[in-house]
Engineer: 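Sharing a structure, written as structure tokens. Questions coming.
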Amino acid sequence: AGEAHVEDFDFSFEGPFGAYDVNQLQRGLQIYTEICSACHGLKFVPIRTLADDGGPSMPEDQVREYAKQFEVFDPELDDFREATPVDHFPASSLDNAPDLSLMAKKRAGFHGPYGLGINQFFKGIGGPEYIASLLTGYEEAPDCAPEDFPGSYNKVFAAGGIPDSCRDEEGHSTVTGSWIAMAPPLAGDDVEFADGHEADVHHEAMDVAAFLMWTAEPKMMARKQAGFAGVIFLTLLAVLLYLTNKRLWASVK
Ligand code: HEM
């Protein structure tokens, strides 16, 4: 596998107090629906969760309408039928396109240095950064590659094929990234956002990456709130225990 460079995008949900941007999640859902869902599935995500707080927060009647565009197989009917909010999103329709439900937690954007993981400590694991970088990472193939080499050259994708002509004598890759079987899905202005938000490749990539972070970690807001409440509670408890300790031993001193 080749080396790859992942850009550190600034997402609203980073840090201990970061939160999902509802408008961004809705834009990301639109990109997933209009573009990515042609090949990729989200089979672990129940459609009804689109109405959940801390997610895209869509009104329930809209979620019901939204669900109707998907077909799911119903074992009771032994036939396909329109999806309803209780169904999950369909699985990938293209065999070699991976399911995206958990992709943002499956990939790491940042590593090292020297295997120490310090970059992850400061920048985060980098799953959404990896996805956004991958979508903006397509470039003209380097000169060393034959023109008919299968796939598209992507400077962020590390797990794809690399032509022998782009390797040195020891077999190490001389290029950044590798060739991916997914043609560039975003070209800019691929969707028209209801909120008039910019739809250049950079913004679209960030929006869909944020949405995929939500599909992979839909309870992030609740988790951060519980963690914060826990820290406050423990701080208070520590103060009380300290004072109790002082008072208990006061007569002995
Ligand atoms: C792989 C995202 C659209 C076909 C992937 C991967 C991601 C991704 C994150 C995994 C890369 C990895 O393994 O590290 C997206 C997003 C899309 C999109 C966010 C929409 C904006 C599409 C479309 C197609 C497609 C429309 C089909 C025409 C594939 C295939 C792979 C792949 C075949 C496997 C590539 C390989 O392993 O070489 N995609 N994708 N994707 N995608 Fe997409």
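Indexing begins at 1, ligand by ligand and atom by atom, following the structure's order.
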Engineer: May I ask you to check whether F11 and Y20 place their ring centers less than 6.0 Å from one another?
Structural biologist: no
Engineer: Would you give the length of the straight line joining atom NE2 of H197 to atom CZ of R27, rounded to the nearest 0.5 angstrom?
Structural biologist: 3.5 Å
Engineer: Less than 4.5 Å apart, any side-chain heavy atom of Q24 and any of M206?
Structural biologist: yes
Engineer: What protein heavy atom is closest to atom 6 (C) of ligand 1, reported as residue, atom name and distance in Å?
Structural biologist: L134 CD2, 4.0 Å
Engineer: Measuring from atom 9 (C) of ligand 1, which candidate in M103, E204, K106 has the nearest non-hydrogen atom?
Structural biologist: M103
Engineer: How far apart are the closest heavy atoms of E204 and L186, and which atoms are they?
Structural biologist: OE1-CD2, 3.7 Å
Engineer: What does the angle at atom 43 (Fe) of ligand 1 come to, between atom NE2 of H40 and atom SD of M182, rounded to 10°?
Structural biologist: 170°
Engineer: Answer with yes or no after comparing the ring centroid distance for F149 and Y153 against a 6.0 Å cut-off, counting only values under it.
Structural biologist: no
Engineer: For atom 24 (C) of ligand 1, what is the closest protein heavy atom, and at what distance to 0.1 Å?
Structural biologist: C39 SG, 2.8 Å
Engineer: Tell me whether Y32 reaches ligand 1 (any heavy atom closer than 4.0 angstrom to a ligand atom).
Structural biologist: no
Engineer: Specify the protein heavy atom at minimum distance from atom 37 (O) of ligand 1: its residue, its atom name, and the distance to 0.1 Å.
Structural biologist: F157 CZ, 3.8 Å
Engineer: Pull out every atom of ligand 1 sitting under 4.0 Å from any heavy atom of R107, numbered as shown with elements.
Structural biologist: 12 (C), 13 (O), 14 (O)
Engineer: Taking only heavy atoms of N96 into account, list the atoms of ligand 1 that are under 4.0 Å away from them.
Structural biologist: 31 (C), 33 (C), 34 (C)
Engineer: Could you check if a side-chain atom of H40 sits within less than 4.5 angstrom of a side-chain atom of M182, using non-hydrogen atoms only?
Structural biologist: yes
Engineer: Parallel, tilted or perpendicular for F17 and F228, by the 30°/60° rule?
Structural biologist: perpendicular
Engineer: Pick, from C36, A181, P98, A205, the option with the minimum heavy-atom distance to atom 36 (C) of ligand 1.
Structural biologist: A181
Engineer: Do N154 and L134 have side-chain heavy atoms sitting under 4.5 Å apart?
Structural biologist: yes
Engineer: Nearest protein heavy-atom contact for atom 3 (C) of ligand 1: which residue, which atom, what distance?
Structural biologist: P185 CB, 3.5 Å
Engineer: Hey, which atoms in ligand 1 end up nearer than 4.0 Å to a heavy atom of I180?
Structural biologist: 35 (C), 36 (C), 38 (O)
Engineer: Any non-hydrogen atom of Y130 lying under 4.0 Å from ligand 1?
Structural biologist: yes
